[in-house]
Amino acid sequence: MPLQFELCPGRGIGGDHPCFIIAEIGQNHQGDLEVAKQMIRVAKECGADCAKFQKSELEHKFNKRALERPYTSKHSWGKTYGEHKRHLELSHDQYRELQRYAKEIGIFFTASGMDEMAVEFLHELAVPFFKVGSGDTNNFPYLEKTARKGRPMVISSGMQSMNTMKQVYQLVKPINPNFCFLQCTSAYPLQPEDVNLRVIKEYQSTFPDIPIGYSGHETGIAISVAAVAMGAKVLERHITLDKTWKGSDHQASLEPNELAELVRSIRMVEAAMGSPLKQLLPCEVACNEKLGKSVVAKVRIPEGTTLTLDMLTVKVGEPKGYPPEDIFDLVGKKVKVNIDEDETILEDAIENDVKKVKC
């Protein structure tokens with residue numbers, strides 16, 4: 001069984017725990033604190049376990065030239081990339097307010113630390129776990145420092161190779177055993193042919209002692225539900241209040257009705273996974289009593305006759321008798337009474353009966 005650990009206080013992941021669903025708000029709040037609060041409430045009302053943001057200390061994430069480069073996209077909030085990012089970046093005090101709000105309404109709150117200084121702030125904020133975005137998964141100094149903070153980690157794997165993920169595992173595991181990997185493809189929106197859900201199984205095989213999850217950027221919910229059916233123990237999806245809003249992530253995000261349906265579908269699939277034990281279930285008894293078939297006489301069979309297969313057939317019989325799977329066991333048995341054509345073969349009609357009990 002995969003490793004289990006407590007990702008948030010009182011909420012374990014892995015093993016038989018329900019999939020932990022992260023509503024990734026990111027910067028889809030448009031730089032507006034009230035919109036951010038509204039999105040936290042939507043995440044809670046739709047049944048997500050956690051509302052997550054993205055925190056950057058811009059001068060530590062980008063170099064000067066990157067911040068100064070012109071940004072003329074239709075999604076831009078400023079003339080330069082730096083102006084754009086500063087518009088979207090919430091302050092430390094705003095993060096503290098959002099954390100208080102999330103606690104007040106009863107949903108876990110965290111963020112991806114997009115650089116080492118952002119991780120320092122989130123550690124000070126005492127978030128329950130660190131999310132490592134795909135862009136920092138091969139940033140080994142960052143990973144090591146983050147792991148040493150001692151908080152659980154959820155590590156996305158977009159843009160990475162299996163060889164890199166093995167290195168990540170070898171780096172993080174000795175320092176902090178409480179982490180998981182998410183299969184992820186960094187494209188927005190993501191096309192189905194680029195999802196590669198089979199990587200989930202490959203991760204489960206290669207890293208059997210950590211939970212594996214999925215971070216999706218596709219449209220719709222079907223692929224994410226399939227990921228959970230394949231064993232994803234953590235699921236992250238971007239959310240928005242309106243896919244038409246300005247911003248490159250909105251199109252690959254789920255609106256509230258979609259998020260609610262995703263959560264419902266995941267919980268339904270989890271219930272449907274059930275037990276690997278195959279048996280007649282209590283809910284099937286009524287159908288079995290009504291339509292379950294029995295072995296019946298194909299012809300009249302006189303007392304003392306040794307049964308052959310051509311004397312027997314299978315029908316819905318009244319009363320019920322031997323189940324169809326016992327028909328070959330009846331061959332060679334002797335009957336103790338006359339059995340009319342089309343009559344059910346009953347237990348007390350067979351000599352030395354060793355009727356099997358159907359379970």
Side-chain angles (χ1 to χ4, degrees), residues 2-9 11-14 20 22 24 26-27 50 52-67 85 89-90 92 95 99 108-186 199-200 202-215 232-236:
L3 175 71
Q4 306 176 54
F5 63 86
E6 191 174 76
L7 185 63
C8 295
R11 182 59 161 89
I13 64 166
F20 187 86
I22 300 171
E24 163 69 306
Q27 294 189 320
C50 180
K52 189 184 82 65
F53 291 78
Q54 295 174 6
K55 185 72 186 87
S56 300
E57 304 295 341
L58 296 179
E59 284 70 22
H60 293 270
K61 180 179 179 181
F62 302 99
N63 71 6
K64 185 176 180 181
R65 289 184 65 178
L67 291 172
K85 296 301 288 185
E89 196 63 46
L90 300 176
H92 287 193
Y95 262 81
Q99 185 184 51
F108 294 116
F109 172 92
T110 194
S112 299
M114 308 299 279
D115 54 79
E116 291 181 16
M117 291 306 296
V119 170
E120 292 294 335
F121 167 66
L122 294 172
H123 185 57
E124 173 195 324
L125 205 60
V127 295
F129 67 93
F130 292 127
K131 169 66 196 302
V132 178
S134 294
D136 280 306
T137 297
N138 60 351
N139 183 350
F140 293 163
Y142 165 100
L143 275 181
E144 181 175 359
K145 290 178 182 178
T146 302
R148 291 193 185 282
K149 298 296 185 186
R151 300 186 187 279
M153 300 168 67
V154 174
I155 304 172
S156 277
S157 61
M159 304 179 287
Q160 311 304 330
S161 67
M162 179 60 86
N163 183 60
T164 297
M165 297 312 295
K166 289 177 179 177
Q167 293 179 70
V168 172
Y169 175 90
Q170 291 163 1
L171 172 65
V172 174
K173 187 70 174 179
I175 303 171
N176 184 348
N178 294 331
F179 69 99
C180 68
F181 287 162
L182 305 186
Q183 161 58 358
C184 177
T185 302
S186 298
V199 174
I200 293 173
E202 190 65 21
Y203 280 169
Q204 290 168 340
S205 175
T206 306
F207 311 111
D209 57 350
I210 65 171
I212 302 301
Y214 175 68
S215 176
K233 298 300 183 181
V234 175
L235 179 77
E236 178 184 74

message = Can you tell me how the ring of F130 sits relative to the ring of H123, calling it parallel under 30°, perpendicular over 60° and tilted otherwise?
response = tilted
message = In terms of relative ring orientation, are F109 and F53 parallel, tilted or perpendicular, with 30° and 60° separating the classes?
response = tilted
ask   = Under the criterion side-chain contact (heavy atoms from CB on, under 4.5 Å), which of Q183, E236, E24 is the partner of S215?
value = E236
Could you tell me whether the side chain of [X] and the main chain of [Y] form a donor-acceptor pair under 3.5 Å?
| X | Y | result |
| --- | --- | --- |
| S56 | M114 | no |
| Q160 | S134 | yes |
| R11 | E6 | no |
| D115 | E57 | yes |
| T137 | S157 | no |

Atom [atom1] in [X], atom [atom2] in [Y]: separation rounded to 0.5 Å?
| X | Y | atom1 | atom2 | answer |
| --- | --- | --- | --- | --- |
| Y203 | Y214 | OH | OH | 12.0 Å |
| C180 | L7 | SG | CG | 6.5 Å |
| I175 | E144 | CD1 | CD | 4.5 Å |

task = Just do the side-chain contact (heavy atoms from CB on, under 4.5 Å) check on I210 and F5 with the steps written out, would you?
result = CA-CA 9 Å; I210 65 171; F5 63 86; over 6 Å; no
query = How far apart are the C-alpha atoms of K61 and M117, what are their side-chain angles, what is the distance that settles it, and do they pass the side-chain contact (heavy atoms from CB on, under 4.5 Å) test?
reply = CA-CA 9 Å; K61 180 179 179 181; M117 291 306 296; over 6 Å; no
remark   = For D136, the side chain to side chain contact (heavy atoms under 4.5 Å, CB included) test, sequence neighbours excluded, returns V132, N139, Y142
query = Step by step, would you call E59 with K64 a salt bridge (Lys or Arg N to Asp or Glu O under 4.0 Å)?
reply = CA-CA 7 Å; E59 284 70 22; K64 185 176 180 181; over 6 Å; no
request  = Test K55 against E89 for salt bridge (Lys or Arg N to Asp or Glu O under 4.0 Å), laying out the working first.
outcome  = CA-CA 7 Å; K55 185 72 186 87; E89 196 63 46; 3.1 Å; yes
